[in-house]
Amino acid sequence: MPATREERYDAQRIEQKWAERWLSDPSLYAAEANSTKPKYYVLEMLPYPSGALHMGHVRNYAIGDALARYMWMNGYNVLHPMGWDSFGLPAENAAIKNNTPPREWTLSNIAAMKVQMKRLGFAYDWSREVTTCLPEYYRWNQWFFLKLFESGLAYRKKSKVNWCPQCATVLANEQVVGGNCWRHEDTPVEQRELEQWFLRITKYADELLRDLEKLTGWPDKVRIMQQNWIGRSEGAQVDFDLGGTVGPAGSTITVFTTRVDTIYGATSVQLAPQHPIVEDMIARDAELRAKVEQLIAEQRKAREVGDIGNIEKHGVFTGRFAKNPYNGEAVPVWVANYILMDYGTGAIMSVPAHDERDFEFAKKYNLEIRLVILPQSSDPEETMAEPALPFTTMNGILVNSGEFSGLECEEAIQTMSSHAAEKGFGKATVTFRLKDWGISRQRYWGTPIPMVYCEKDGVVPVAEKDLPVILPDKVSVTLAGGSPLANVPEFLNTTCPKCGGPARRETDTMDTFVDSSWYFYRYADAQNSKAPFDTNTIAYWFPIDQYIGGVEHAILHLIYSRFWTKFMRDMGLVKHDEPVKRLFTQGMVIKDGAKMSKNLGNVVSPDEMVARYGADAARLYSLFAAPPDRDLDWQDTGIEGIHRFLGRVYRFYVRNPVDTAVERAETGQTPSLQAEARTIQRKLHQTIKRVSDDFQGRWHFNTCIAALMELLNEVSGAEEAIAAGRVPGSLILDVQRKIALLLAPMAPYVAHELWEMTGETGNLLKAAWPKYDPALAAEDEIEIPVQVNGKLRGRVVVPADATNDQVEQAALADEKVKAAIAGKQIVKKVVVPKKLVNIVVR
RNA sequence: GCCCGGAUGGCGAAACUGGCAGACGCACGGGACUUAAAAUCCCGGGUCCCUAACAGGACGUGACGGUUCGAUUCCGUCUCCGGGCACCA
């Protein structure tokens, strides 16, 4: 049947109409205060306001919005907010390029993106909008900083830090990816010695690791990544005595090892080139200094290439010996380029027989290789064979190890650590890979760190009552290096909060990950001017029931946020240990097999998609094209298909208008439906079940949209029966209303239009999610495949409640099955209820 | 090197607990409607063999092997792709 003009699905007209209605009612998506409903907090990661949404955002928010709307329809008090991660370097780059002040640039980007979000129909409670670059927000960053400082969790330290020459600022360890800057993938990070502010995240290292077990609603992948990042390692520290002081660093080398059981096999001590004792040694040995500097250079180079793992091992003997406290043996002390100063103690004992790296090094420099562990045989009587070296597993017995010989590795580690502690030359200890979080940035567009430097009183915190320390507007931004704020006298010069004398302000600003570490708390109490938020309000909304975002924040943002929550708990501000109950990481949106990028010219613009196919189609397609946790390969023809589907849905309503009077007329009757009508009714209830199950469980929106397509195919295939009056109007109306309801979370605009076409009014958020009737969803008859020797040979149709015997009889009676088993002996008959029959013959 | 994930038609994918592989959609081919086009509607389809056609048969979920009446699904070995960590002592 050809489509008429009135039947045309005009997405623009429909979406304009509903957008006007929705936008005129700001309370529509507002979370309720003092609600008796159960609460549900659904959160999507807030965007950086770059100026335009990309398809990745659309996908992220389409998932979150579908969930939020579904929960609303299921009677929850939903909190669904949005905000802007709006500090950061791009605003400064834009300022330099276009001569626009960062503030202006950022705020106009926010305005533009908000228009896009509203056009896409996302149901956000804008009264709770958080914009991190505004003083109303960042004053609380400063307030938290003061609290951290009071608690000793914020401290200042001079150290080697990661420096990105492109950003002209320092980076945290988490922001260095493979030796390069996380924002500039081709820019190697340099090491600079700077005085910096750090947050003591390591205080919570153990808890951050332990509580990962509680996060059962998080993807394993993310938990494992965090576990690796924290890098807890149990071992022992042991002191090796140099037999005399070299310099200020003393005469003891403390090594860290996870295999103290192998210490009788230690044949040298290896120091990191930057080790303080090495510095003492080279202070009066020019020759050694040259060699050590060479090792440092090699290390730096390898690090810059991101290849520290494959560095060619080099070392130099220092000419000195250190005493192994277990056996009193003096072993040579070396400096080696594969020893890292920033892990453990920067010194190791080298046991070539039982460590790959030590083995390789010993071979190269002809150091002694001494076997002290023999593999443990499963048969104790069996003589133990000499293993291939290096033998690194823990499945062994100690030999040549004095009083500890004969112990198994595991128990030897315990015994020998205790022994060291008793004798006072060592102890069992735990080392973490996680380092404290360096938050100073030598940039302008960030939260000013609220500290003051006074000649007399030193480092003094700004008084709480003087917050916020306002970021000045008139700043000339350059990437010359050094904080731009240092060139603003009005900002720089201040008075000491303690003595009132002249002082200067800290000119570094905070890492923007501080902003995102707690923004989701502010949503719950966004207008609070007395505190970052009210503790009781938080207790109601937290933890976040569902957080949705990209996996790229698995370590950075998500570990900082967990740390922030634990700190706030310890200061009594929140009552829970973890901020996020369930985490979902959606896949990337790619095109032609590659990440969308301007360079490749494969960027799909959401605006263009909305203009051409409508917001509903753009949203629905991003849910349909792939399960949400997988990457989505964008295909322009795919969204066309979805647009076509919405058109077919729309036409079904236009072509089959049901007078609502019909409903009333038919109520009270129990119509015995004819076969065609019954098929439609069954499909309807099956579809409600499938869509509901997908929302509850796996979030495979692609399959629930497929289910809706199947339902539509069913009813539009029955147009003849409908026209002939063989399908009751009440059933058609039921189908039409339920399709509108099922579509509402994913394609809200057209869902509302369809809802209205069935004579309903009111927002679908307030309509109840449909329920299915299992009896109506059930099949009367089912088709059972019949296999012979595991191969499909026939199909039989039996009543759904047929017994196994009946099914078996039907199967054996089937002509094709008969032919397949003719002349053969039946060995076994397998009948799986409602599934299949398999007849095994010989 | 270690740890996670993935591999199914021309393409995106489905098969949720071991039970008909390929739902749904895209692209494609054929047809209807139309003066024509667009839009819309209907039909077809994994590969190969056989057949005039109907029908029939064999093979098929990255590879090889195993368990099972039966394997995309479980086990073992391997290949390729993506991600994380990496002389972390």
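Residue numbering restarts at 1 for every chain, and letters A, B, ... go by the order of the sequence lines. Hydrogens, waters and symmetry mates play no part in the numbers below; they use all other heavy atoms, side chains included. Since the model is a prediction, treat every value here as computed from it, not as a measurement.
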Trainee: Using a strict 4.0 Å threshold on nitrogen-to-oxygen distance, state whether A:Arg619 and A:Asp616 make a salt bridge.
Mentor: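 A:Asp616 and A:Arg619: not salt-bridged.
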Trainee: Within less than 4.0 Å of OP1 or OP2 of B:C59, is there a side-chain N or O belonging to A:Lys791?
Mentor: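 So the side chain of A:Lys791 is within the cut-off, an N or O lying under 4.0 Å from OP1 or OP2 of B:C59.
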Trainee: Expressed in whole Å, how much space separates the C1' atoms belonging to B:U8 and B:G46?
Mentor: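 The same atom, C1', in both gives a distance of 10 Å.
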Trainee: Under the criterion salt bridge (Lys or Arg N to Asp or Glu O under 4.0 Å), which of A:Lys834, A:Lys835, A:Arg795 is the partner of A:Glu783?
Mentor: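 So the option named by the test is A:Arg795.
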Trainee: Give the dot-bracket string for RNA chain B, reading 5' to 3', where a pair is Watson-Crick or G-U wobble with both distances under 3.5 Å, ( ) marks pairs inside the strand, [ ] marks pairs crossing earlier ones, | marks a partner on another strand, and . marks unpaired.
Mentor: (((((((..(((......[....))).(((((.......))))).((((......))))..(((((..]....))))))))))))....
Trainee: Using a heavy-atom cut-off of 4.0 Å across all strands, would you classify A:Ile339 as base, sugar-phosphate, or nothing?
Mentor: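 Result for A:Ile339 = base.
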Trainee: What closest approach, in Å, do A:Leu623 and A:Ala66 show between heavy atoms, and which atom pair accounts for it?
Mentor: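 A:Leu623 and A:Ala66 have their closest heavy atoms at CD1-CB, 4.5 Å.
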Trainee: Between A:Asp693 and A:Lys689, is there a side-chain N and carboxylate O pair less than 4.0 Å apart?
Mentor: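 Counted as a salt bridge, because a side-chain N and a carboxylate O are separated by less than 4.0 Å.
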Trainee: Within this structure, what is the CD-to-P distance between A:Glu552 and B:G82, rounded to whole angstrom?
Mentor: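 Nearest whole value for this atom pair: 18 Å.
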Trainee: Can you see if the side chain of A:Lys221 gets near the phosphate of B:G5 - specifically, an N or O under 4.0 Å from OP1 or OP2?
Mentor: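 No, A:Lys221 has no side-chain N/O under 4.0 Å of OP1/OP2 on B:G5.
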Trainee: Suppose you measure atom C1' in B:U67 against the same atom in B:G76; what distance do you get, rounded to whole Å?
Mentor: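 Looking at atom C1' only, B:U67 and B:G76 are 11 Å apart.
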Trainee: Do NZ/NE/NH1/NH2 and the carboxylate oxygens of A:Asp814 and A:Lys816 come within less than 4.0 Å?
Mentor: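 Judged by the 4.0 Å cut-off on N to carboxylate O distance, A:Asp814 and A:Lys816 do not form a salt bridge.
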Trainee: With a 4.0 Å cut-off on heavy atoms, is A:Gly641 in touch with a base, just the backbone sugar-phosphate, or nothing at all?
Mentor: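 The answer is sugar-phosphate, as A:Gly641 gets under 4.0 Å only of primed atoms, P, OP1 or OP2.
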Trainee: To check you understand the geometry: which heavy-atom pair defines the closest contact between A:Val750 and A:Leu743, and what is its length?
Mentor: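 A:Val750 and A:Leu743 have their closest heavy atoms at CG1-CD2, 4.5 Å.
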Trainee: Could you give the CD-to-C1' distance, from A:Glu640 to B:A38, as a whole number of Å?
Mentor: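 Interatomic distance, CD of A:Glu640 to C1' of B:A38: 13 Å.
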Trainee: Which whole-number value in Å describes the distance from A:Trp634 CH2 to B:C26 P?
Mentor: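 So the two atoms are 15 Å apart, to the nearest Å.
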Trainee: I need the CG-C1' distance between A:Leu623 and B:G25, as an integer number of Å.
Mentor: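 My rounded result for the distance is 14 Å.
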Trainee: Among A:Thr345, A:Ile348, A:Val269, A:Leu295, which one satisfies side chain to side chain contact (heavy atoms under 4.5 Å, CB included) with A:Ile339?
Mentor: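 The side chain to side chain contact (heavy atoms under 4.5 Å, CB included) with A:Ile339 is passed solely by A:Ile348 among A:Thr345, A:Ile348, A:Val269, A:Leu295.
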Trainee: What about the rings of A:His354 and A:Phe359, do their centers lie closer together than 6.0 Å?
Mentor: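 Not under 6.0 Å, so no.
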Trainee: Taking only N and O in the side chain of A:Thr431, is any of them less than 4.0 Å away from OP1 or OP2 of B:A89?
Mentor: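 It does not, given that no N or O in the side chain of A:Thr431 lies less than 4.0 Å from OP1 or OP2 of B:A89.
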Trainee: Looking at every heavy atom in both A:Ala718 and A:Ile680, which two are closest together, and how far apart are they?
Mentor: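 Taking A:Ala718 first and A:Ile680 second, the nearest heavy atoms are CB-CD1, 3.8 Å.
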Trainee: Whole angstrom is fine here: how far is it from CD1 in A:Ile230 over to C1' in B:G84?
Mentor: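 It is 14 Å, rounded to the nearest whole Å.
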Trainee: Please give the distance between the P atoms of B:G62 and B:C16 as a whole number of Å.
Mentor: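 One P to the other, the span is 16 Å.
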Trainee: Atom OH of A:Tyr613 to atom C1' of B:C26: distance rounded to whole Å?
Mentor: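 Between C1' of B:C26 and OH of A:Tyr613: 12 Å.
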Trainee: Please report the distance, rounded to the nearest Å, between CD in A:Gln299 and P in B:C88.
Mentor: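 After rounding, the gap between these two atoms is 13 Å.
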Trainee: What does nucleotides 11-23 of chain B look like as a protein-contact string, B for base, S for sugar-phosphate only, - for none, at under 4.0 angstrom between heavy atoms?
Mentor: SBSSSB--BB--B
Trainee: Hey, is the side chain of A:Arg644 poking within less than 4.0 Å of OP1 or OP2 on B:A27, counting only N and O atoms?
Mentor: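 For B:A27, OP1 or OP2 has a side-chain N or O of A:Arg644 closer than 4.0 Å.
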Trainee: Looking at A:Lys818 and A:Glu815, does any basic side-chain N land under 4.0 Å from a carboxylate oxygen?
Mentor: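 Judged by the 4.0 Å cut-off on N to carboxylate O distance, A:Lys818 and A:Glu815 do form a salt bridge.
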Trainee: I'd like to know if the side chain of A:Asp631 reaches the main chain of A:Met588, judged simply by a donor and an acceptor atom lying under 3.5 Å from each other, with no hydrogens or angles considered.
Mentor: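 Answer holds: yes.
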Trainee: Expected output is a numbered-order residue list: members of residues 351-362 of chain A with a heavy atom under 4.0 Å from any atom of RNA chain B. What is it?
Mentor: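 Contacts with RNA chain B under 4.0 Å: A:Arg357.
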Trainee: Indicate yes or no: does A:Asp206 engage A:Arg232 in a salt bridge with an N to O separation below 4.0 Å.
Mentor: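 Salt bridge present between A:Asp206 and A:Arg232.
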Trainee: Assert yes or no for the condition that the ring centre distance of A:Phe701 to A:Phe695 is strictly below 6.0 Å.
Mentor: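 Under 6.0 Å, so yes.
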Trainee: Give me the distance, rounded to whole Å, that separates B:C42 from B:C26 when you measure between the P atoms they each carry.
Mentor: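 The same atom, P, in both gives a distance of 12 Å.
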Trainee: Which of the following nucleotides, B:G25, B:A89, B:C85, is nearest to the side chain of A:Arg648?
Mentor: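 For the A:Arg648 side chain, the nearest candidate turns out to be B:G25.
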Trainee: In whole angstrom, give me the gap between the P atoms of B:A14 and B:C74.
Mentor: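 These two P atoms come out 16 Å apart once rounded.
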Trainee: So what does A:Gln237 hit on the nucleic acid, given a heavy-atom distance under 4.0 Å: a base, only sugar-phosphate, or nothing?
Mentor: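 Answer is nothing: A:Gln237 stays at 4.0 Å or more from every strand.
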Trainee: Which of the following nucleotides, B:C3, B:C26, B:G84, is nearest to the side chain of A:Ile555?
Mentor: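 Comparing B:C3, B:C26, B:G84 against the side chain of A:Ile555, the answer is B:G84.
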Trainee: Of A:Gly638 and A:Lys828, whose closest RNA chain B nucleotide lies nearer the 5' terminus?
Mentor: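 This one resolves to A:Gly638.
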Trainee: Distance between the P atoms of B:G70 and B:G84, in whole angstroms?
Mentor: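 To the nearest whole Å, 42 Å.
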Trainee: On a whole-Å scale, what distance lies between the P atoms belonging to B:G31 and B:A37?
Mentor: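 Rounded to whole Å, the distance is 12 Å.
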Trainee: For B:G70, decide between syn and anti, treating a glycosidic angle within 90° of 0 as syn.
Mentor: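 It is anti.
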Trainee: Whole angstrom is fine here: how far is it from CG in A:Asp629 over to C1' in B:G83?
Mentor: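 Those two atoms, CG and C1', are 14 Å apart.
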Trainee: Any idea which heavy atoms bring A:Leu271 and A:Ala347 closest together, and the distance?
Mentor: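 Heavy atoms only, the tightest pair is CD2-CB, 3.5 Å.
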Trainee: Assign each of A:Asp220 and A:Gly346 to its nearest nucleotide of RNA chain B by heavy atoms, then name whichever residue's nucleotide is nearer the 5' end.
Mentor: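 With A:Asp220 and A:Gly346 compared, the 5'-side residue is A:Asp220.
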Trainee: Where the side chain of A:Lys816 is defined as all heavy atoms beyond and including C-beta, which of B:C41, B:G56, B:C24 is the nearest nucleotide?
Mentor: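 It is B:G56.
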Trainee: Between B:G22 and B:C59, how far apart are the C1' atoms? Round to whole Å, please.
Mentor: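 Rounded to whole Å, the distance is 16 Å.
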